[in-house]
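Here the structure is a predicted model, which is why all the values come from computation and not from measurement.
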Amino acid sequence: MRTDLLLDDDFDLKEDTETFDFVDDVADDQHIMLLLMYEKGENREHPFAGFGMKTRLRSRVDIQKYLRDMEVELSVDGYQNAKVLLDKNLVPFKVIL
């Protein structure tokens with residue numbers, strides 16, 4: 001379980017409405033979402049990390065390869081034995097850790 005500063009729906013830092021501090025909480029879902037969204041090279045600190053979902057959805061996809069690549073990216077990021085569930089549009093909607 002990882003904690004980090006949380007982001008809101010617009011990817012801005014989430015603020016506590018009472019204290020106006022940034023919200024620090026469990027961020028596994030956020031980490032996974034960002035990892036799947038990032039293209040390789042977008043994250044300067046980790047240039048080889050990223051799945052590039054937007055680019056992959058534009059091309060022909062072999063579902064088994066798609067799932068395998070997602071699970072490999074997650075395992076490289078420390079999420080061992082993660083299983084990805086896809087919806088009918090091949091978009092990940094749940095990751096089982």
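Side-chain atoms of Asp28 and Tyr79, non-hydrogen and from C-beta on, do get closer than 4.5 Å to each other. Looking at heavy atoms from C-beta onward, Leu36 lies in side-chain contact with Met70 at the 4.5 angstrom threshold. At least one side-chain heavy atom of Tyr66 sits less than 4.5 Å from a side-chain heavy atom of Met53. Considering only heavy atoms from C-beta on, Leu7 comes within 4.5 Å of Leu13 through its side chain.
Under a hydrophobic-cluster definition in which Ile, Leu, Val, Met, Phe, Trp and Tyr are linked whenever side-chain heavy atoms come within less than 4.5 Å, directly or via other members, Leu35 and Phe48 are assigned to different clusters. Phe11 and Phe22 end up in the same hydrophobic cluster when Ile, Leu, Val, Met, Phe, Trp and Tyr side chains are linked at under 4.5 Å. Follow the hydrophobic side-chain contacts under 4.5 Å out from Met33 and you never reach Leu6; the two are in separate clusters. One hydrophobic cluster, built from ILVMFWY side chains closer than 4.5 Å, holds both Phe51 and Ile63.
Residue Lys40 places its NZ atom among more than 12 non-hydrogen atoms of other residues, nucleotides or ligands, all under 6.0 Å distant.
Identified under the side-chain hydrogen bond (donor to acceptor under 3.5 Å, both in side chains) test for residues 42-52, with sequence neighbours left out: none.
Side-chain atoms of Glu15 never come within 3.5 Å of backbone atoms of Asp21 as a donor-acceptor pair (strictly under, hydrogens ignored). Within the 3.5 Å criterion, the main-chain N or O of Glu18 finds a donor-acceptor partner in the side chain of Asp16. Checked by atom type and distance alone, the side chain of Gln30 pairs as donor or acceptor with a backbone atom of Leu5 at under 3.5 Å.
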### Message
Please determine whether side-chain contact (heavy atoms from CB on, under 4.5 Å) holds for the pair Met37 and Lys54, giving the CA-CA distance in whole Å, both sets of side-chain angles, and the decisive distance to 0.1 Å.
### Response
CA-CA 7 Å; Met37 286 175 48; Lys54 184 177 178 181; over 6 Å; no

### Task
Any chance you could lay out the side-chain contact (heavy atoms from CB on, under 4.5 Å) test for Thr3 and Asp25, step after step, and finish with the verdict?
CA-CA 5 Å; Thr3 60; Asp25 204 353; 5.6 Å; no

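Under the side-chain hydrogen bond (donor to acceptor under 3.5 Å, both in side chains) criterion, Asp69 pairs with Arg56, Lys65, not counting sequence neighbours. Take Arg2 and apply the salt bridge (Lys or Arg N to Asp or Glu O under 4.0 Å) test, not counting sequence neighbours, and it matches Asp77.
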